[in-house]
Amino acid sequence: MPPPRLGPLLDATLHSLPPAGKIDDVVESPPGCVLSDGGGGLCGRPVEDAPFALCAVHVALVAEWSDTTSGITDLLPSACRACGSRLGVRYPSGWVCAACEWPVGAVLDDGLPPPRVDVVYYLRFRDRIKIGTTASPRRRLARIWHDELLAFERGDRLVEHRRHEQFAASRRDRSEWFTTTPDLEAHVGRLSAGVVDPWALYARWLGEAAALRG
């Protein structure tokens with residue numbers, strides 16, 4: 001979401017920042033804020049125990065500008081209606097869910113069921129990996145004894161069937177359990193690359209599905 005404009009003083013401040021690679025010139029400059037005073041001159045206010053030549057006023061303005069572009073991560077006032085997460089990002093224009101980016105306060109159509117997202121899940125138990133599918137992973141996985149949720153892959157029974165065929169050589173009888181092999185571990189590694197928490201990824205998928213539905 002585009003950040004709001006914070007006024008001519010801050011605009012002048014930002015445009016007066018030194019070019020890349022010139023930060024040492026700022027640090028070594030004489031005491032006094034080196035940014036614009038909004039009237040064409042330098043601010044000149046005292047620099048109070050700062051690692052750069054900015055006064056307290058300009059430090060506060062830069063911090064405020066940073067918050068408008070990056071947002072402030074905090075607990076949501078209430079759980080996200082799209083995915084249930086309690087973590088959000090606050091912008092001047094409002095909150096969004098940190099997991100699925102659903103705007104807080106946006107109304108889901110209560111006449112519709114919750115969004116459905118089918119996933120293929122990969123569970124580790126000792127030296128084996130289970131490949132299954134569900135549209136209700138929390139309920140399904142709570143019923144399966146396992147050591148670790150390795151990854152989610154978006155897909156239904158068709159994708160699950162493809163994975164069962166792909167790793168058929170290591171399948172244990174006709175079950176959904178597979179002996180851990182380098183090929184299977186490499187596949188799981190590709191799915192989990194860059195994913196800190198599979199549940200956060202699933203929450204994002206739910207939010208996307210809700211947003212597409214409107």
Side-chain angles (χ1 to χ4, degrees), residues 1 71 73-91 93-126 128-168 170-181 183-214:
M1 69 182 61
T73 302
D74 202 348
L75 289 177
L76 288 170
S78 59
C80 174
R81 296 192 66 187
C83 73
S85 173
R86 292 304 306 266
L87 192 63
V89 181
R90 176 164 52 87
Y91 296 93
S93 57
W95 288 85
V96 298
C97 174
C100 71
E101 298 184 355
W102 182 263
V104 174
V107 178
L108 291 171
D109 190 335
D110 293 332
L112 296 175
R116 176 188 175 105
V117 175
D118 291 275
V119 297
V120 175
Y121 57 83
Y122 296 78
L123 302 178
R124 184 190 300 279
F125 179 67
R126 296 181 180 173
R128 65 195 70 178
I129 293 175
K130 178 178 174 64
I131 305 175
T133 186
T134 181
S136 304
R138 291 197 182 276
R139 183 165 63 244
R140 175 62 175 150
L141 270 57
R143 299 174 181 173
I144 303 174
W145 192 270
H146 62 281
D147 295 327
E148 181 185 8
L149 168 61
L150 298 175
F152 283 133
E153 180 178 15
R154 197 160 184 175
D156 53 15
R157 291 196 176 277
L158 179 60
V159 177
E160 177 200 43
H161 179 67
R162 289 173 181 166
R163 299 301 171 234
H164 287 181
E165 288 190 332
Q166 181 178 352
F167 302 107
S170 58
R171 190 171 185 177
R172 297 196 170 200
D173 299 324
R174 298 182 61 83
S175 72
E176 294 184 340
W177 289 97
F178 296 75
T179 300
T180 302
T181 64
D183 286 346
L184 180 51
E185 286 192 319
H187 174 71
V188 172
R190 286 190 292 272
L191 292 175
S192 60
V195 179
V196 176
D197 180 7
W199 288 112
L201 179 61
Y202 175 69
R204 193 184 77 193
W205 289 341
L206 281 178
E208 291 171 350
L212 289 173
R213 189 176 65 181

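None of the values given here were measured: they were computed from a predicted structure. Each residue takes its place number in the sequence, starting with 1.
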Q: Can you see which heavy atom on L76 is nearest to which on G88, and at what distance?
A: CD2-CA, 3.5 Å

Q: To the nearest 0.5 angstrom, please state how far the CD atom of E160 sits from the CD1 atom of I131.
A: 8.5 Å

Q. Between CG of L191 and CG of L201, what distance do you get to the nearest 0.5 Å?
A. 9.5 Å

(Q) Can you tell me which residue among E148, H146, K130, E153 is in a side-chain hydrogen bond (donor to acceptor under 3.5 Å, both in side chains) with Y122? (A) E153

Q: Please name the pair of heavy atoms, one in L150 and one in P198, separated by the smallest distance, quoted to 0.1 Å.
A: O-CG, 4.1 Å

Q | Rounded distance (nearest 0.5 Å) linking atom CG of D173 with atom CZ of R171 | A | 9.5 Å

Q: Applying side chain to side chain contact (heavy atoms under 4.5 Å, CB included), name anything that partners D197, two or more places apart in sequence or on another chain.
A: W199, A200

Q. Is there a side-chain contact between F125 and I144, using heavy atoms and a 4.5 Å cut-off?
A. no

(Q) Nearest 0.5 angstrom please: D156 CG to T134 OG1, how far? (A) 11.5 Å

(Q) Within this structure, what is the OH-CG distance for the pair Y121 and L149, rounded to the nearest 0.5 Å? (A) 10.5 Å

Q) Does the side chain of V117 reach to within under 4.5 Å of the side chain of E208, using non-hydrogen atoms? A) no

Q: Could you tell me whether the side chain of R163 reaches within less than 4.5 Å of the side chain of F178, counting heavy atoms only?
A: no

Q: Kindly give the heavy-atom pair with the smallest separation between V159 and R154, and that separation in Å.
A: CG2-O, 4.5 Å

**Q.** Nearest-0.5 Å distance, CD1 of residue I129 to NE2 of residue H187
**A.** 9.5 Å

**Q.** Considering all heavy atoms, the nearest L184-T179 contact
**A.** CD2-O, 4.0 Å

**Q.** Shortest non-hydrogen separation from R128 to W177 and the atoms involved
**A.** CG-CE3, 3.3 Å

Q: State, yes or no, whether a side-chain contact exists between L123 and L141 at a heavy-atom distance under 4.5 Å.
A: yes

**Q.** Residue pair A135 / R116: nearest heavy atoms and the distance that separates them
**A.** CB-CZ, 3.6 Å

